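One structure is given here, and the rest of the page talks about it.
Remember, it's 1-based here, ligands and their atoms both numbered in the order they're listed. For clarity, every value in this text was computed on a predicted model and none was experimentally measured.
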Amino acid sequence: VQNIGAVVFDAYGTLFDVHSVIVRCEAEWPGQGRSLSQLWRTKQLEYSWLRALMDRYEPFHVVTAEALAYACQALGLPLSDETRAALMEQYQHLTVYPEAPSALAALGPGRRLAIFSNGSPAMLEPLVANAGLTELLTSGWLSADEVRLYKPTPGAYALVPSRLEVPAKRTLFVSSNPWDVAGAKNFGFLVAWVNRTGAVFDQLGLTPDLVVTDLSQIPEHIGQGPLTS
Ligand code: LAC
C-alpha cells in the first residue's frame, strides 16, 4: 500500500478505548458494567443505522443518550439525570490506545492525518483535546454531523476527500469496526482493519486491504508519505 497522502481514523474503538465507559458503568452498577456498556454501544450503532434508513438524522450525542436510556431500561437499571450526565461525560475522556501517539507521529510526515467519526463536534472537540492529540492530528477531526449522514453511507465518507483534498484512492482509512471498514472500502478508500480482539470479519462482500492487531503496525505497511509537492 503505497503513495498514501492521507491517513484517516475512526474514533471509538480505533484511536480511543471505550473501556473507561465500562469502568464508570461498573462503578454505578457493580456486576452490570460490561453488559450495560456493550448493550449501550450496540444500540448506539443500531439507532444511527435505523435513523439513517428512516431519514431521521439526529447528532450522535443525541443517539448515544437515547441508546443509554434504552440500555438502562432494558437491564432494569434506574438512570438518574446526574448518572446520565456522568456516563455521557465519559465519552469525552476516553483513553487513547497506548500505541496511538507514536503511530500518529510515525505516519505524519508528508501526509494529512485526521479523524472521521460519526461523533458530533460536541463529542469530538473535547475528546481530542482531552487526549492531547490536537498537534498529532495535523488535519484535525471531521464529523459526520457536517453532512448529517452516518457511516456507512457513502455520502458520509465523501466529506473526507472533499475536506482533505486527497483522493480516496490515496487515502488509508483505519477502523476497528468491521461495518465501518466495509463502508470505507465500499466508498473507495484503501482500508486497514485494526483487529485487537481476534474478531471475525463481517460477511459484507468487502474486505480490508490491510489487517493489523494494533496501530503501530501500520507505518511499516505504507512507506514514507509522498513528498509534499
Ligand atoms: C465512529 C464510531 C461509529 O464513527 O465508531 O467513531
Original post:
What pairs of residues pass the salt bridge (charged side-chain N to carboxylate O under 4.0 Å, His left out) test when at least one of them lies in residues 128-148, not counting sequence neighbours?
Top reply: E146-R163
Subject >> The single option from Y157, Y57, W49 passing ring-ring contact (aromatic ring centres under 6.0 Å, His included) against Y150 >> reply: Y57
**OP:** Please say whether more than 12 non-hydrogen atoms of neighbouring residues, nucleotides or ligands are located less than 6.0 Å from CD in Q73.
**Re:** no
Original post:
Is the number of heavy atoms from other residues, nucleotides or ligands within 6.0 Å of CZ (R34) greater than 12?
Top reply: no
Original post:
Measuring from each atom of ligand 1, which residues have a heavy atom under 4.0 Å away?
Top reply: D10, A11, Y12, R41, L45, S117, N118, K151, N177, W179
Subject >> Pairwise ring pair (Phe, Tyr, Trp, His ring centres under 6.0 Å) hits with a residue in residues 25-44, at least two apart >> reply: W40-Y91
N/O donor-acceptor pairs under 3.5 Å from side chains in residues 197-209, not counting sequence neighbours:
unit_1	atom_1	unit_2	atom_2	d
D209	OD1	K185	NZ	2.8
D209	OD2	K185	NZ	2.9
D209	OD2	V191	N	2.8

